[in-house]
Amino acid sequence: MKKYTTNSGDMWDIISKSMYGTENNTDLLIDANPNYASVLMFSGGIVLSIPDIESGSQSESLPPWKK
């Protein structure tokens, strides 16, 4: 599991895009960081856990019309 230190203004989708290359994994990030689940926009300096994912799991989470 990796760590990510937030920048002021980061949001879950921005972090997901930065770490995974897609916004579609925000649910993984929120599940790994339940203490921050209600945060919409982060202040700087918060350390979040970034779960590892298998390379195929991104496409599996896509809706059928995006596969």
Side-chain angles (χ1 to χ4, degrees):
M1 187 171 292
K2 299 176 190 172
K3 298 291 182 185
Y4 176 84
T5 303
T6 61
N7 298 303
S8 182
D10 275 352
M11 298 172 69
W12 290 112
D13 59 338
I14 293 170
I15 298 168
S16 178
K17 178 74 172 177
S18 172
M19 299 305 296
Y20 299 121
T22 178
E23 298 90 350
N24 295 331
N25 292 315
T26 57
D27 57 332
L28 296 174
L29 295 175
I30 294 168
D31 289 345
N33 300 279
N35 292 341
Y36 299 103
S38 64
V39 175
L40 298 177
M41 187 177 295
F42 288 94
S43 56
I46 297 172
V47 179
L48 300 175
S49 298
I50 307 298
D52 298 322
I53 58 172
E54 296 176 21
S55 59
S57 62
Q58 287 183 10
S59 63
E60 292 172 10
S61 65
L62 291 175
W65 65 88
K66 287 193 171 186
K67 290 183 181 180

Report summary line: Shortest non-hydrogen pair, Ser43 vs Thr6, comes out as O-OG1, 2.7 Å

Can I get a per-line list of side-chain donor-acceptor pairs under 3.5 Å for residues 31-38, giving both atom names and the distance, sequence neighbours left out?
{"from": "Asn33", "atom 1": "OD1", "to": "Ser49", "atom 2": "N", "distance (Å)": "2.8"}
{"from": "Asn33", "atom 1": "ND2", "to": "Leu29", "atom 2": "O", "distance (Å)": "2.8"}
{"from": "Asn33", "atom 1": "ND2", "to": "Ser49", "atom 2": "O", "distance (Å)": "2.8"}

Report task. List, by chain and then residue number, the residues other than Met1 in its hydrophobic cluster (Ile/Leu/Val/Met/Phe/Trp/Tyr, side-chain heavy atoms under 4.5 Å); write none if there are no others. Result -> none

Query raised in the report: What residues, two or more places apart in sequence or in another chain, satisfy side-chain hydrogen bond (donor to acceptor under 3.5 Å, both in side chains) together with Asp10?
Result: Tyr4

Query raised in the report: Rounded to the nearest 0.5 Å, how far does CG of Asn7 lie from CZ of Phe42?
Result: 11.5 Å

Report task. Could you tell me which non-hydrogen atom of Asn24 sits nearest to which non-hydrogen atom of Ser16, and how far apart they are? Result -> N-OG, 4.0 Å

Query - With sequence neighbours excluded, residues passing side chain to side chain contact (heavy atoms under 4.5 Å, CB included) with Asp13 - result: Met11, Glu23, Thr26

Query raised in the report: What about Ile15 and Met41, same hydrophobic cluster or not, with Ile/Leu/Val/Met/Phe/Trp/Tyr joined at side-chain heavy-atom distances under 4.5 Å?
Result: no

Requested in this report: Starting from Val47, walk the hydrophobic network (Ile, Leu, Val, Met, Phe, Trp, Tyr; side-chain heavy atoms closer than 4.5 Å) and list everyone else you reach, by chain and number.
Outcome: none

**Report entry** From Leu28, Asn25, Leu48, residue fulfilling side-chain contact (heavy atoms from CB on, under 4.5 Å) relative to Trp12
**Finding:** Leu48

Report task. Using the rule that two of Ile, Leu, Val, Met, Phe, Trp, Tyr join whenever any of their side-chain heavy atoms come within less than 4.5 Å, decide whether Tyr20 and Ile30 are in one cluster. Result -> yes

